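Note that the coordinates shown come from a computational prediction; the quantities given were computed from them, not determined experimentally.
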Amino acid sequence: MKAIGYKKSLPIEDANSLIDFETAKPEPGGRDIRVAVKAISANPVDYKVRKRAAPPEGETKILGYDAAGVVDAVGPDVTLFKAGDEVFYAGSILRQGTNSEYHLVDERIVGNKPKNLSFAQAAALPLTSITAWELLFDRLGAVPGKSVDPRTLLITGGAGGVGSILIQLARRLTGLTVLATATRPESQKWCLGLGAHAVIDHGKPMKEQIESLKLPPVALVASLTFTDQHYKSIAEFMAPQGKFGLIDDPPEFAMSTFKGKAISVHWESMFTRSSFQTPDMIAQHHLLGDVADLIDKGVLRTTLDQTFGTINAANLKRAHALLESGKSRGKIVLEGW
């Protein structure tokens, strides 16, 4: 089968940073299903792993976590899917990735693809949907239901992949006031189009902008990018006893900043359940089912922004480069071989 991978951690400009190669089609065992991959999307975790995790000498590591495709074969213990089912999912960070024609994934982290979406549209959703859902409901404890919630949720980096689905989930499924941050006019417009009540520029002091909007107190924060640059100023205007959630890897982060206001700090990693085979691992199967249902009912929409052509090393390099620039919006998808 065709695949894209890397042998050494190299800058994306290097000719060998990502390479096309061929490898054996994997055989499913246990609860694994084998998926014929139709579309994939790129995420910041792809380039972060590429930069930091060189494979063992002589091996080629396949990246990619988002995929949409068709079940091709199933392991002996599989009960949730059968050959021919259309699925979407974000794989495990401990296994070979989705940038391959066929891919093995545990059925417990896979969902049935939304019926109303193409494979490309569906591939944009899994990793960011799981991250946003777990962050909003499991970590920050937002309450599903449209009853009025007298609090504001601040989402920094609202135009990115996770922010693009988090804005929708918070606006459509909760009573929170949703405040996003974005610096560029087109990104601010994107956030408003997804349902944010208001957008501010995180390139300027946030406190004054928030005060001028006269919103309910900022009690929940989803810090999605550049946490090290913003968390101290955010702590100044957050409501006491609030909740601060983050998903990035800040080089500097002092949790004591939040002690005086008794603000709790919550880390979110959507790979935790699959990496540690947690007893509730199947929650991601159910979560993706809920997302697909909301998509098909028109409550949520895909966050696909750009399609970069077929799945190959050259196009994937373009996707990595754009993600590394920090100027991407929504999701980048590659489709077909």
K7 side chain near K61 side chain, heavy-atom distance below 4.5 Å: no
Cationic N near anionic O, under 4.0 Å, E101 to K2: no
Spacing of CG belonging to N99 relative to CD1 belonging to I62, to within rounding of 0.5 Å: 8.0 Å
Point-to-point distance, once rounded to the nearest 0.5 Å, from CD of E86 to OG of S118: 10.5 Å
Electrostatic pair R50-D46, nearest N-O below 4.0 angstrom: no
Residue pair E13, K317: steps toward the salt bridge (Lys or Arg N to Asp or Glu O under 4.0 Å) verdict: CA-CA 8 Å; E13 299 80 15; K317 285 179 188 176; over 6 Å; no
From I33 atom CD1 to L80 atom CG, the distance as rounded to the nearest 0.5 Å: 8.5 Å
Donor-acceptor contact present, side-chain Q277 to main-chain P279, <3.5 Å: no
Any H285 side-chain heavy atom under 4.5 Å of F81 side chain: yes
T303 backbone acceptor or donor facing S164 side chain under 3.5 Å: no
Atom pair OG/CG of S41 and L334 - distance to nearest 0.5 Å: 9.0 Å
Pairwise side-chain contact, D32 with V78, heavy-atom cut-off 4.5 Å (strictly under): no
Minimum heavy-atom distance A39-F119, with the two atoms named: CB-O, 3.6 Å
Residue list, salt bridge (charged side-chain N to carboxylate O under 4.0 Å, His left out) with K38, at least two apart or on another chain: none
Spatial distance of atom OG (S264) from atom CZ (F244) [nearest 0.5 Å]: 11.0 Å
Lys NZ or Arg CZ of K25 over Y102 ring: under 6.0 Å, within 45°: yes
Residues in salt bridge (charged side-chain N to carboxylate O under 4.0 Å, His left out) contact with R34, at least two apart in sequence or another chain: E27, D72
Spacing of E335 atom CD and I40 atom CD1 [to the nearest 0.5 Å]: 10.5 Å
Backbone N/O of T79 and side chain of E107: donor-acceptor pair under 3.5 Å: yes
Heavy-atom side-chain contact between V35 and V70 under 4.5 Å: no
Donor-acceptor under 3.5 Å (T302 side chain, Q121 main chain): yes
N-O pairing of R329 and D305 below 4.0 Å: yes
Atom CD of Q241: over 12 foreign heavy atoms under 6.0 Å: no
Main-chain N/O of P126 paired to S129 side chain as donor or acceptor, under 3.5 Å: no
Expected output: side-chain Q168 to main-chain G163 donor-acceptor under 3.5 Å: no
Working for ring pair (Phe, Tyr, Trp, His ring centres under 6.0 Å), residues F308 and H320: CA-CA 11 Å; F308 273 21; H320 278 230; over 10 Å; no
Residues that, via side-chain heavy atoms closer than 4.5 angstrom, fall in one hydrophobic cluster with V333: L304
Whether S325 side chain and K327 backbone form a donor-acceptor pair below 3.5 Å: yes
Any residue meeting side chain to side chain donor-acceptor pair (under 3.5 Å) with T310, in chain and number order, not counting sequence neighbours: N312
Stepwise ring pair (Phe, Tyr, Trp, His ring centres under 6.0 Å) check, H103 with Y65: CA-CA 10 Å; H103 182 249; Y65 303 99; 8.9 Å; no
L117 backbone acceptor or donor facing K113 side chain under 3.5 Å: yes
Side-chain donor or acceptor of S100 paired with backbone N/O of A3 under 3.5 Å: no
NZ/NE/NH1/NH2 to OD/OE distance under 4.0 Å, K48 and D249: yes
All pairs passing salt bridge (charged side-chain N to carboxylate O under 4.0 Å, His left out) where residues 115-136 contributes a residue, at least two apart: E134-R139, E134-R273
Lys NZ or Arg CZ of R172 over W133 ring: under 6.0 Å, within 45°: no
Exam field: side chain S212 to backbone Q209, donor-acceptor pair closer than 3.5 Å: yes
L288 to Y89 - nearest heavy-atom pair and separation: CD1-CA, 4.0 Å
salt_bridge(D66, K331) N-O dist < 4.0 Å: yes
Residues R184, D201: salt bridge by 4.0 Å N-O rule: no
Where at least one partner belongs to residues 252-263, residue pairs that pass side-chain hydrogen bond (donor to acceptor under 3.5 Å, both in side chains), sequence neighbours excluded: Y231-E252
